[in-house]
There are 2 protein chains.
Amino acid sequence: MAGIDRSLVRALPLFEKLSDLEIDRMLARATLRRVLPGEAVFEQGQKATQFFLLLHGRLKVTQVTADGQQIIVRMVHPGDIFGFAKALQREDYPGTPTAAAESVVICWPTEVWGMFVEQNPHLAVNAMQSIGQRLQEAHTRIREMATEEVERRVAHAVLRLIDQAGKKEATGIRIDFPISRQDIAEMTGTTLHTVSRILSAWEAKGLVKGGRQKLLVRDAAGLQILAEGLTS
Amino acid sequence: MAGIDRSLVRALPLFEKLSDLEIDRMLARATLRRVLPGEAVFEQGQKATQFFLLLHGRLKVTQVTADGQQIIVRMVHPGDIFGFAKALQREDYPGTPTAAAESVVICWPTEVWGMFVEQNPHLAVNAMQSIGQRLQEAHTRIREMATEEVERRVAHAVLRLIDQAGKKEATGIRIDFPISRQDIAEMTGTTLHTVSRILSAWEAKGLVKGGRQKLLVRDAAGLQILAEGLTS
DNA sequence: CACTTTCGTTGCGCCAAAACAAAGACCTCG
DNA sequence: CGAGGTCTTTGTTTTGGCGCAACGAAAGTG
């Protein structure tokens with residue numbers, strides 16, 4: 001293994017306040033892995049032997065319920081850590097991260113985490129902030145699911161997507177990876193039928209432009225108004 | 001201030017692997033505060049100047065949406081840290097923790113957290129595990145809200161309550177603090193009317209015994225079956 | 001290029017649960 | 001102990017959005 005170049009990760013929040021030397025020491029224990037679209041990095045329920053950092057690409061983390069229903073727990077964006085079962089006090093992975101686009105991940109054995117933290121408390125602080133951020137997001141989603149109707153939830157989900165993975169184009173903002181109606185449904189706790197209806201209605205109003213596995217937001221401000229529920 | 005006795009906190013997970021000396025040093029910066037039922041420790045939106053540890057009692061953390069709806073984000077049990085905005089990368093408190101029963105909390109100024117962590121990485125690790133646990137719970141709730149119908153959600157919520165705050169009695173397990181139908185509704189994303197109907201139905205089946213601000217679970221196993229959705 | 005598979009759209013009936021409404025139970029406090 | 005508040009129960013009406021179903025369109029496959 002030729003080693004991973006420090007410049008790839010230097011700027012990530014996780015490595016903030018770490019010295020070059022310390023980063024190199026971590027990277028020395030890491031391996032790189034390429035993940036093809038549709039491929040899973042690991043499977044829900046497997047013993048957690050590694051934790052990961054997404055370098056490039058996009059993953060969706062799904063959970064399957066006992067009765068076979070699937071939901072998307074979160075999206076993983078470049079720079080995020082995932083599969084971090086250690087922090088969750090778990091032995092097994094709680095979900096399955098599947099590549100939505102071709103991705104590259106860094107892998108560490110779980111055992112090295114304790115060692116890294118002993119050597120540098122900043123790492124623990126940075127990781128905690130990342131997890132804290134996710135907790136925040138989770139609470140936001142809980143609040144939305146508890147109080148909002150489907151259309152507003154979908155609006156929020158789409159806004160979040162263009163925020164985290166939006167790419168400006170001539171006619172609007174495109175979601176930068178393949179995403180289906182089914183995916184949006186699994187993110188918002190509804191059915192693909194309902195999502196399809198909603199997106200069709202939005203397209204008729206000129207808010208978005210749909211397509212197979214594609215979504216272009218023409219009028220983010222308009223969506224925002226819908227999300228706030230000011231239309232009544 | 002006479003100082004807080006170490007024995008009160010020695011056994012808590014947050015202080016695991018810390019020496020007596022280190023705990024004393026932390027307690028030296030802390031103050032105690034008593035919170036009466038109905039009183040809030042702080043208010044949503046306030047600048048986060050302190051973080052807290054619940055020593056005794058029970059708190060419910062609520063968030064209010066822009067349009068005035070309220071939801072219960074989580075319950076705080078003895079030994080839990082809360083108001084930990086630092087970890088969430090926030091300046092203000094995201095929710096309001098209100099005492100459900102008379103409570104005692106330990107308060108620290110937010111600034112001291114960084115100092116404590118520098119001195120002992122274990123503290124960061126312990127705190128991260130606490131937050132990780134909460135993230136787990138949040139994901140569980142999201143999955144429930146997305147896939148389950150109201151009755152199962154309520155069953156799950158009640159089971160979680162007797163797990164975290166259950167007290168064995170002759171005829172069953174009692175929830176150890178005053179809790180209203182409204183509270184349960186706000187925990188499960190429904191209305192108090194629906195919760196009332198569900199509990200009445202359960203009472204008719206002998207699963208629970210209700211009362212004003214009270215709930216006694218007679219048959220936890222029966223509830224579990226409902227929660228799993230095996231009845232169909 | 002036909003064949004298959006996957007993904008998206010749309011119409012319709014139905015039901016869980018919310019909204020609306022009203023009355024009853026229990027607690028507190030002057 | 002009576003008045004007013006809070007909490008709970010129960011009935012009726014209304015509706016959002018799910019389940020079912022069928023069709024259309026695009027992408028992949030041999």
Side-chain angles (χ1 to χ4, degrees), chain A residues 36-38 60 65 67-72 98 100 144-155 157-158 175 177-205 208-216 226 229 231-232, chain B residues 36-38 60 65 67-72 98 100 144-155 157-158 175 177-205 208-216 226 229 231-232:
Chain A
L36 298 178
K60 55 180 180 194
T65 61
D67 54 323
Q69 285 191 83
Q70 191 172 87
I71 68 150
I72 295 183
T98 309
E144 288 174 6
M145 306 249 313
T147 64
E148 297 178 1
E149 304 200 332
V150 173
E151 185 172 16
R152 287 181 61 187
R153 297 210 301 268
V154 174
V158 170
I175 291 174
F177 59 91
I179 186 165
S180 68
R181 315 290 145 125
Q182 177 74 45
D183 290 334
I184 296 177
E186 286 174 12
M187 293 173 61
T188 51
T190 181
T191 61
L192 86 153
H193 308 271
T194 303
V195 171
S196 181
R197 277 179 246 270
I198 290 173
L199 291 186
S200 295
W202 287 353
E203 190 155 355
K205 285 199 229 166
V208 302
K209 177 83 180 62
R212 190 191 175 81
Q213 308 248 64
K214 286 184 295 191
L215 193 59
L216 177 78
L226 264 181
T231 46
S232 67
Chain B
L36 297 177
K60 56 181 179 193
T65 61
D67 54 324
Q69 283 191 84
Q70 192 172 87
I71 68 150
I72 296 183
T98 309
E144 288 174 7
M145 306 249 317
T147 64
E148 297 178 1
E149 306 200 328
V150 173
E151 186 172 16
R152 289 181 60 186
R153 297 210 302 267
V154 175
V158 171
I175 292 174
F177 58 92
I179 185 165
S180 68
R181 313 292 144 123
Q182 177 74 47
D183 289 334
I184 296 177
E186 287 174 10
M187 293 173 61
T188 50
T190 181
T191 62
L192 87 152
H193 306 269
T194 303
V195 171
S196 181
R197 274 179 244 271
I198 289 172
L199 290 185
S200 295
W202 288 354
E203 191 155 356
K205 285 198 228 167
V208 302
K209 178 82 179 66
R212 189 192 176 80
Q213 309 246 65
K214 285 184 296 194
L215 193 59
L216 177 79
L226 265 181
T231 46
S232 66

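Lettering follows sequence order; numbering is per chain, from 1.
Taking only side-chain atoms of B/Arg181, from C-beta outward, the nucleotide of C/dG8, D/dT9, C/dA19 with the closest atom is D/dT9. Listed nucleotides D/dC18, C/dA19, D/dT8 differ in distance to B/Ser180; the shortest reach to its side chain belongs to D/dT8. Set against C/dC7, D/dC7, C/dT10, the side chain of B/Gln213 has D/dC7 as its closest nucleotide.
Of all heavy-atom pairs spanning A/Ser180 and A/Gln213, the tightest one is CB-OE1, 3.5 Å. Across all non-hydrogen atoms, the minimal contact from A/Gly189 to B/Ala146 is CA-CB, 3.8 Å. Summarising the geometry of A/Pro37 relative to A/Ala100, their closest heavy-atom pair is CB-O, 4.2 Å, with the distance given to 0.1 Å. Nearest heavy-atom pair, A/Ile184 versus A/Leu215, reported as atom, atom and distance to 0.1 Å: CD1-CD2, 4.2 Å.
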Item to check | Protein proximity profile, nucleotides 21-30 of chain C - base contact B, sugar-phosphate-only contact S, no contact -, cut-off 4.0 Å on heavy atoms | outcome: B---BBS---
Review item, side-chain donor-acceptor pairs of residues 197-205 of chain A, under 3.5 Å, at least two apart:
| residue | atom | partner | partner atom | Å |
| --- | --- | --- | --- | --- |
| A/Ser200 | OG | A/Ser196 | O | 2.9 |
| A/Trp202 | NE1 | A/Glu151 | OE2 | 2.9 |
| A/Glu203 | OE1 | A/Gly210 | N | 3.3 |

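Rounded to an integer number of Å, the gap from CH2 of A/Trp202 to P of C/dT10 is 15 Å. Computed from coordinates, the B/Arg152 CZ to C/dA16 P distance equals 15 Å when rounded to whole Å. For the pair B/Lys209 NZ and D/dT8 P, the computed distance is 13 Å after rounding to whole Å. The distance between atom CD1 of B/Ile179 and atom C1' of D/dC7, rounded to the nearest whole Å, is 14 Å. We find that CD of A/Gln182 is positioned 9 Å from P of C/dG8, with the value rounded to whole Å. The distance from atom CG of A/Leu215 to atom C1' of C/dC7 is 14 Å, rounded to the nearest whole Å. Nucleotide C/dA16 holds its C1' atom 14 Å from the CD atom of A/Glu149, rounded to whole Å. Atom C1' of nucleotide C/dA18 and atom CD of A/Glu148 are separated by 16 Å, given to the nearest angstrom.
Among the atoms of the strands shown, base atoms are found under 4.0 Å from some heavy atom of B/Ser196. Base contact: B/Leu192 has a heavy atom under 4.0 Å from a base atom.
Summarising the geometry, atom CG belonging to A/Asp67 is positioned 8.0 Å from atom CD belonging to B/Glu148; distances are rounded to the nearest 0.5 Å. The CD1 atom of A/Ile179 sits 14.0 Å away from atom NZ of A/Lys214, with the distance rounded to the nearest 0.5 Å. Going from atom NE2 of B/His193 over to atom CD of B/Gln182 covers 8.0 Å, rounded to the nearest 0.5 Å.
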Next on the checklist: Does A/Thr188 form a side chain to side chain contact (heavy atoms under 4.5 Å, CB included) with A/Thr194? I'd like the steps, not just the answer.
Outcome noted: CA-CA 11 Å; A/Thr188 51; A/Thr194 303; over 6 Å; no
Next on the checklist: Let's go through A/Arg152 and A/Glu144 carefully: what are the C-alpha distance in whole Å and the side-chain angles of both, what is the deciding distance for side chain to side chain contact (heavy atoms under 4.5 Å, CB included) to 0.1 Å, and is it a yes or a no?
Outcome noted: CA-CA 8 Å; A/Arg152 287 181 61 187; A/Glu144 288 174 6; over 6 Å; no
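A/Thr194 has no side-chain polar atom (N or O) that falls below the 4.0 Å cut-off from OP1 or OP2 of D/dG16. Between B/Thr191 and C/dA17, a side-chain N or O to OP1/OP2 separation shorter than 4.0 Å is absent.
Helix bend of the helix from C/dC1-D/dG30 to C/dG30-D/dC1: the angle between its two end axes, each built from five pairs, comes to 40° after rounding to 10°.
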